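For the numbers below, each heavy atom of this structure counts, side chains included, while hydrogens, waters and symmetry mates do not. Letters A, B, ... mirror the listed sequences (proteins, then strands); counts begin at 1. In this text, all values refer to a predicted model and were calculated from it rather than measured experimentally.
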Amino acid sequence: MIRVLSEQEIVRRESLQKLRDLGVDPYPADLFDVNTTSKQIKEKYKEGEELNVVIAGRLMSRRIMGKASFAELQDSDGKIQIYVNRDEICETEDKTMYNTVFKKLLDIGDIIGITGTVFITKVGEISVKVKELKVLTKSLRPLPLPKVDADGTVHDAFTDPEKRYRQRYVDLVVNPEVKDAFIKRTKLTNSMREFLNKKEYLEVETPILQPLYGGAAARPFKTHHNTLDMELYLRIANELYLKRLVVGGFDGVYEFSKDFRNEGMSRFHNPEFTQMELYVAYKDYAWMMDLVEEMVEKIAMDLHGKTEIQVGDNLINFQRPWKRYTMYEAIDHFTGIDISKMDEATMAETAKKLGVEVDKSMGRGKLIDEIFGEKCEGQLIQPTFITDYPVEMSPLAKKHREHEGLVERFEAICNGKEICNAFSELNDPIDQRARFEEQLELGKRGDDEAMLLDEDFLRAIEYGMPPTAGLGIGIDRLSMIMTNSNSIQDVLFFPQMKTEKGGVEEWQDYNPTSMT
RNA sequence: GACCUGGUAGCUCAGCUGGUAGAGCACCUCACUUUUAAUGAGGGGGUCCUGGGUUCGAGCCCCAGCCAGGUCACCA
């Protein structure tokens with residue numbers, strides 16, 4: 001498909017050719033040896049000091065006043081004003097560099113290198129007086145450029161969500177807060193990794209292509225390996241592989257795992273997402289709760305320097321200790337009804353009275369889960385641990401040491417959403433086989449998210465897996481909270497999208513020299 | 001998957017009861033040696049998401065579709 005170039009694109013291509021005609025390479029190969037950044041200059045410069053700098057970045061605005069101009073240069077950590085004076089950059093009679101290259105042939109969005117000295121303007125802005133200017137990259141498309149007025153109000157911001165997500169590179173250039181959210185996301189994983197390494201847990205990598213998918217309830221993506229001629233699945237979780245490593249004698253293992261689930265999409269769901277899973281031998285779920293609190297509190301401190309974080313309308317405080325409720329207690333707390341001693345029929349009646357949709361296929365466990373999901377989860381704003389889930393919902397968790405029908409499992413809920421899921425891991429191979437078999441029954445009845453029976457995993461734990469605490473924590477969800485983002489798309493560089501109509505069009509064959 | 005909202009210049013948006021398409025910024029030309037949403041003067045730029053239909057005439061009305069966002073369902 002051929003795209004007709006816009007007026008502005010034609011102008012830029014003509015400028016590109018004119019630069020070449022003047023002997024200016026618009027895409028030079030040699031390195032440009034930058035020695036500082038905009039932010040460093042602004043932080044370190046003292047008035048009166050003589051400071052020579054070499055910086056590079058994108059030209060973001062120009063104010064041309066005849067023989068002198070101001071412009072803004074944006075580099076990796078901010079913007080700085082540059083002052084371009086005709087006679088300073090053109091010391092001889094030849095004023096081409098200023099009159100033609102800078103004033104006519106450069107455009108907003110071009111990447112240039114600057115050698116100059118730092119000074120402070122009449123109105124007190126730290127700026128760089130340009131001695132030499134080098135074209136490093138000509139930009140052929142106009143940037144959607146927001147304007148910021150004297151009050152700091154942004155006008156005409158680049159806001160179209162579709163364009164922002166499809167062209168994240170543009171979003172990152174023109175919307176500085178976007179860049180900041182992604183930097184925070186990386187700081188978050190760095191902080192978590194540092195925390196786990198300090199405890200001497202081993203970071204590992206396990207297969208993404210799996211012959212059997214397991215470790216969670218979800219529909220998988222399916223693929224095919226040609227040489228082995230076999231079906232493979234993209235992992236929906238890495239739990240069963242990490243537990244095999246615990247069997248093998250690693251007492252603390254973790255992995256940042258990109259997982260894939262072939263499910264609906266929403267502002268909380270992307271088909272590929274990231275979890276950190278951790279397994280520690282000889283521990284239980286109560287111990288793991290303490291670890292989660294400590295770890296997330298540290299992350300908040302590392303990212304924000306405090307434990308309180310504004311998320312939408314809520315101020316969330318991650319300071320330890322977090323509230324802890326059993327699932328029954330939470331339901332009692334939010335509905336005033338104690339369902340812990342109810343039989344299935346009474347519970348179904350109660351659910352109906354609470355306005356929770358029920359159908360006959362729901363067992364006791366599903367009913368409890370539904371009531372909790374409807375009546376409690378959304379109300380939990382401050383970080384809260386919910387413990388002791390129904391056994392039916394948790395085929396990989398160990399049965400509760402005291403309470404029949406429950407498992408030793410907890411989730412941390414924050415801002416009305418689950419951020420992690422953990423259990424005392426089921427290590428009784430006989431019980432595990434029985435739980436898998438229940439899942440198979442569900443699968444036969446049409447539950448396309450039921451787990452598969454993994455014989456090799458059972459073989460592994462038949463050799464003996466020590467009592468182990470396991471954790472899965474949603475990195476995207478936690479990033480959303482830590483960056484006050486409303487959508488998962490705001491913490492994923494390239495969120496999943498349908499293909500653009502007609503794809504990205506090719507350029508028409510355009511030869512500026514043939515135009516006059 | 002269902003429902004709601006939207007798609008018009010590079011960007012952000014107007015567009016009346018259906019009568020040949022508008023603004024601001026950006027762009028082009030000219031002026032201007034400390035500006036900062038620079039300024040002044042002049043100018044150019046459109047597949048109105050796509051395809052049908054109604055009509056003398058459609059950006060606008062009708063039908064079908066595409067893409068996005070939101071809400072719900074499922075899920076983390």
Side-chain angles (χ1 to χ4, degrees), chain A residues 1-12 14-15 60-72 79 81-88 98 103-104 107-109 119-125 127 129 139-167 170 174 215-219 236-237 257 259-275 277 357 373 411 413 417-421 447-449 472-478 480 486-489 495 497-502 505:
Chain A
M1 185 167 183
I2 302 298
R3 185 174 62 90
V4 177
L5 294 175
S6 70
E7 185 194 21
Q8 294 192 45
E9 288 173 293
I10 290 169
V11 168
R12 283 169 184 246
E14 285 169 352
S15 298
M60 295 302 277
S61 70
R62 276 190 304 174
R63 294 178 286 279
I64 297 173
M65 296 153 302
K67 299 183 184 64
S69 303
F70 284 93
E72 270 182 308
K79 283 186 193 170
Q81 179 170 265
I82 60 172
Y83 173 67
V84 187
N85 183 300
R86 188 192 68 180
D87 296 329
E88 299 247 13
Y98 182 77
K103 275 170 70 175
K104 304 278 185 200
D107 289 290
I108 287 170
F119 75 109
I120 296 181
T121 63
K122 278 206 292 207
V123 288
E125 179 159 353
S127 308
K129 185 180 291 180
S139 165
L140 296 182
R141 289 182 187 242
L143 282 173
L145 208 61
K147 285 267 183 175
V148 184
D149 69 16
D151 307 328
T153 313
V154 178
H155 301 265
D156 300 333
F158 180 53
T159 51
D160 181 330
E162 181 171 0
K163 289 185 183 122
R164 287 185 49 216
Y165 298 146
R166 287 196 196 282
Q167 302 185 47
V170 173
V174 302
R219 295 200 302 270
I236 58 172
S257 169
D259 295 342
F260 305 83
R261 299 189 185 175
N262 209 338
E263 309 267 1
M265 289 168 65
S266 77
R267 70 189 181 91
F268 294 103
H269 301 88
N270 194 66
E272 55 180 287
F273 66 103
T274 306
Q275 283 198 91
E277 291 200 30
E357 270 188 53
E411 291 190 357
I413 315 283
K417 279 279 167 188
E418 172 191 345
I419 56 170
C420 81
N421 182 18
D447 183 346
D448 54 4
E449 292 182 346
I473 185 160
I475 298 300
D476 314 281
R477 293 276 175 89
L478 191 58
M480 284 171 69
N486 202 39
S487 168
I488 195 168
Q489 295 171 111
M497 292 247 175
K498 278 209 177 188
T499 321
E500 276 179 89
K501 192 171 27 176
E505 301 105 328

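With rounding to whole Å, A:Lys163 atom NZ is found 7 Å from B:A9 atom P. Atom-to-atom, CG of A:Asp259 to P of B:A76 comes out at 11 Å; the value is rounded to the nearest Å. B:G69 atom P lies 13 Å from atom CD1 of A:Ile488, rounded to whole Å. Rounded to whole Å, the distance from CG on A:Asp160 to P on B:G70 is 12 Å.
Counting non-hydrogen atoms under 4.0 angstrom, A:Phe119 reaches a base of the nucleic acid. Counting non-hydrogen atoms under 4.0 angstrom, A:Ala157 reaches the backbone sugars and phosphates but no base. Residue A:Lys498 is in sugar-phosphate contact alone, with no base atom involved, counting any heavy-atom pair closer than 4.0 Å across all strands shown. Residue-level contact check: A:Gln489 touches the backbone only, with heavy atoms under 4.0 Å from sugar-phosphate atoms and none from bases. Contacts of A:Lys104 with the nucleic acid, taken as non-hydrogen atoms under 4.0 Å apart, involve only primed sugar atoms and P, OP1 or OP2. Across all strands, A:Lys417 comes closer than 4.0 Å to base atoms (heavy-atom distances). Among the protein residues, A:Asn270 comes within range of the nucleic acid bases, having at least one heavy atom under 4.0 Å from a base atom. Residue contacts shown for A:Tyr83 include a base, since a base heavy atom lies under 4.0 Å away.
Each of A:Leu143 and A:Glu125 has a nearest nucleotide on RNA chain B; the 5'-most of these lies closest to A:Leu143. Nearest-nucleotide assignment on RNA chain B puts the 5′-proximal partner with A:Phe158, out of A:Met265 and A:Phe158.
When the P atom is used for both B:C11 and B:A26, the distance is 15 Å, rounded to whole Å. Look at the P atom in both B:A21 and B:C48: the space between them is 10 Å, to the nearest Å. Using P as the reference atom, B:C30 and B:U35 are 24 Å apart when rounded to the nearest Å. Comparing B:C62 with B:G43, their C1' atoms sit 41 Å apart, to the nearest whole Å. B:G59 and B:C16 have their P atoms separated by 12 Å, given to the nearest Å. Taking atom C1' in both B:A76 and B:A58, the straight-line distance is 47 Å, to the nearest Å.
Under the Watson-Crick or G-U wobble criterion, with both distances below 3.5 Å, B:G22 is paired with B:C13. Across all strands shown, B:C60 has no partner, as no Watson-Crick or G-U wobble contact with both distances under 3.5 Å is found. Across every strand in view, B:G42 sits in a pair with B:C28 that passes the Watson-Crick or G-U test at under 3.5 angstrom. Across all strands shown, the partner of B:U5 is B:A68, judged by Watson-Crick or G-U wobble contacts whose two distances both fall under 3.5 Å.
A donor-acceptor contact closer than 3.5 angstrom links the side chains of A:Ser61 and A:Glu72.
Residue A:Arg267 places no side-chain N or O under 4.0 Å from the OP1 or OP2 atom of B:G69. For the OP1/OP2 pair of B:U33 and a distance below 4.0 Å, the side-chain nitrogens and oxygens of A:Lys67 include at least one atom meeting the criterion.
Side-chain N/O atoms of A:Thr159 and base N/O atoms of B:U12 include no donor-acceptor pair closer than 3.5 Å.
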Under 4.0 Å protein heavy-atom contact, by nucleotide of nucleotides 37-46 of chain B - B base, S sugar-phosphate only: BB-----BS-
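When all heavy atoms of A:Arg164 and A:Phe158 are compared, the pair lying nearest together is CD-O, 3.3 Å. A:Ile108 approaches A:Leu145 most closely through the heavy-atom pair CG2-CD2, 3.6 Å.
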